[in-house]
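These notes are about the structure you will find just below.
Lettering of chains follows the sequences in order, A, B, ..., and the numbering in each one begins at 1.
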Amino acid sequence: MKINPNLPISFSPMHRLQWEEAQNRDVILYPEGMVELNHSSAEILKLCDGKRTIEQIIYELHRKFSTTGLEKDITHFLEIALQNGWIKQP
Amino acid sequence: MAGSNNLRITPPRWLLAELTYKCPLQCPYCSNPLDYAAHSNELSTEDWKRVLTQARKMGAVQLGLSGGEPLTRLDLEEIVHHAKQLGYYSNLITSGYGLSEGRIEALKEAGLDHIQISIQASSEDLSDHLAGTKSFENKKKVAHLVKKYGYPMVLCVVIHRENIHQMADILAMAEELGADYLELANTQYYGWAHVNRDALLPTKEQFAEAEAIAQAFKEKIAGKMKIYYVVPDFYEGRPKACMNGWGTTFLTIAPDGVALPCHSARELPGLDCPNVNDFSIEEIWTNSKAFNFFRGFEWMQEPCRSCDEKEKDFGGCRCQAYLLSGDMYATDPVCSKSSQRHLIEDAITSAKNTALSDNEKPLIFRNSKNSKLF
């Protein structure tokens, strides 16, 4: 599934993103299931606030980690997230 | 003790709180123990709060509130609220029967994350017959209310010979009710389902046909509804990886406070399952005889012990091995490598003969009167 570059991305209200102290990581929780996230995946999802577009998310992550060239990785992960229903677009 | 003490013990992730054995329905495939009526003591609200707190501290994050019918506990909202404060993802696993709009709203306010509703069939007469109670129309109304209040909804339908022919209608019903997830749970033959197996186990042809219908629908509905398909292990060549490995992930607490490595483990002899009234969750999980019993691989017999798939399926289900062969250490008879696979073939043949005979035995419904017979 492709991300529409013109629309904002929000985290799905049918899922919950949560830091788990016992696992020392963020997880996605949903009915009777859990996905364990690595650090960078969690950072991307935290920016899916229903206001930012993919371009703004990429900009924000580049700024936050003082780096460039993450476009491909971020886009790829967001496509997987959309397919799994973790994020949505209007 | 069969288990090894030298393993790295992983913390529990899933806590199944069976709040009560009370239930207004009488489903003949209920997974509660046959003699549930003999265990009528129930933990108090404070006991449950303590259990939730202790398990959360160890790392449990998914919480199933189940039963029996958990709605019969009037302190459900208080327990949900406590779970919310602790950071659990809470799943209410209910028949839905009698769930009022006021309570759906109160549970939402208390912080409940998700509601799973079970419906017995896609037609009113069959659903009410299987439930032993007139409940079908009420459940459908409740399902609409669950969506109205913004919960993710799982619709659970247990599949067996009485309803497997309705697969297409069951799928259409799930779509109409707006289910986010549909759990098609082929009956697992424990507890009451074990007693009623001759009347419930479908033929291989029936399974294949139903599965093909479900598979086609799954592709059609992708992106709108997710379908969980619980496989009928009698028709598989390998056993299920029961509980993701004994004492690795799942912790069940029965209504009377007995801690179980799986919800059927009460049926196994000699486990001495501990009670939360006597020990903390940490002591139970780490040190108890029951939770160490089948941890690791030391307990295994052949062909499991030298099998290169033992880390994948852990030798299958201990309760199934015990129920079918009388030996809880045996390879799950479902496995084609088991020398007792004939027990499964016999069960399949017996069910088929029952279906073909004129005098089919009536279903034994799950209720207190019948429970006292066991």
In residues 11-18 of chain B, what donor-acceptor pairs under 3.5 Å come from side-chain atoms, sequence neighbours left out?
residue	atom	partner	partner atom	Å
B:R13	NH1	B:G59	O	3.2

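- The 12-atom threshold is exceeded at NE2 of B:H82, counting heavy atoms of other residues, nucleotides or ligands nearer than 6.0 Å.
- The stretch residues 31-40 of chain A participates, sequence neighbours left out, in these salt bridge (charged side-chain N to carboxylate O under 4.0 Å, His left out) pairs: A:R25-A:E36.
- There is no contact between B:K57 and chain A, counting heavy-atom distances below 4.5 Å.
- The number of heavy-atom neighbours closer than 6.0 Å to CD of A:E55, taken from other residues, nucleotides and ligands shown, is 12 or below.
- The 12-atom threshold is not exceeded at OH of A:Y59, counting heavy atoms of other residues, nucleotides or ligands nearer than 6.0 Å.
- B:V154 and A:P31 get closest at one heavy-atom pair: CG2-CB, 3.7 Å.
- We find the CZ-CG distance between A:R16 and B:D113 to be 4.5 Å, quoted to the nearest 0.5 Å.
- Taking CG of B:L63 as the reference point, atom CG of A:L29 lies at 11.5 Å (rounded to 0.5 Å).
- Within 6.0 Å of atom CZ in A:F77, more than 12 heavy atoms from other residues, nucleotides or ligands are found, so the atom counts as buried in its surroundings.
- With hydrogens and angles ignored, the 3.5 Å screen pairs no side-chain donor or acceptor of A:E20 with any backbone N or O of B:V61.
- Electrostatic pairing of B:R56 and A:E21 does not count as a salt bridge here, judged by no charged N lying under 4.0 Å from a carboxylate O.
- Residue A:M14 holds its CE atom at 8.5 Å from OH of B:Y181, rounded to the nearest 0.5 Å.
- For the atom pair A:Y30 OH and B:Q62 CD, the distance stands at 8.5 Å (nearest 0.5 Å).
- Applying the salt bridge (charged side-chain N to carboxylate O under 4.0 Å, His left out) test to residues at least two apart or on different chains, the pairs with a partner in residues 62-78 of chain A are A:E43-A:K64, A:E60-A:R63.
- Within residues 78-90 of chain A, the residues having any heavy atom less than 4.5 Å from a heavy atom of chain B are, in residue-number order, A:N84.
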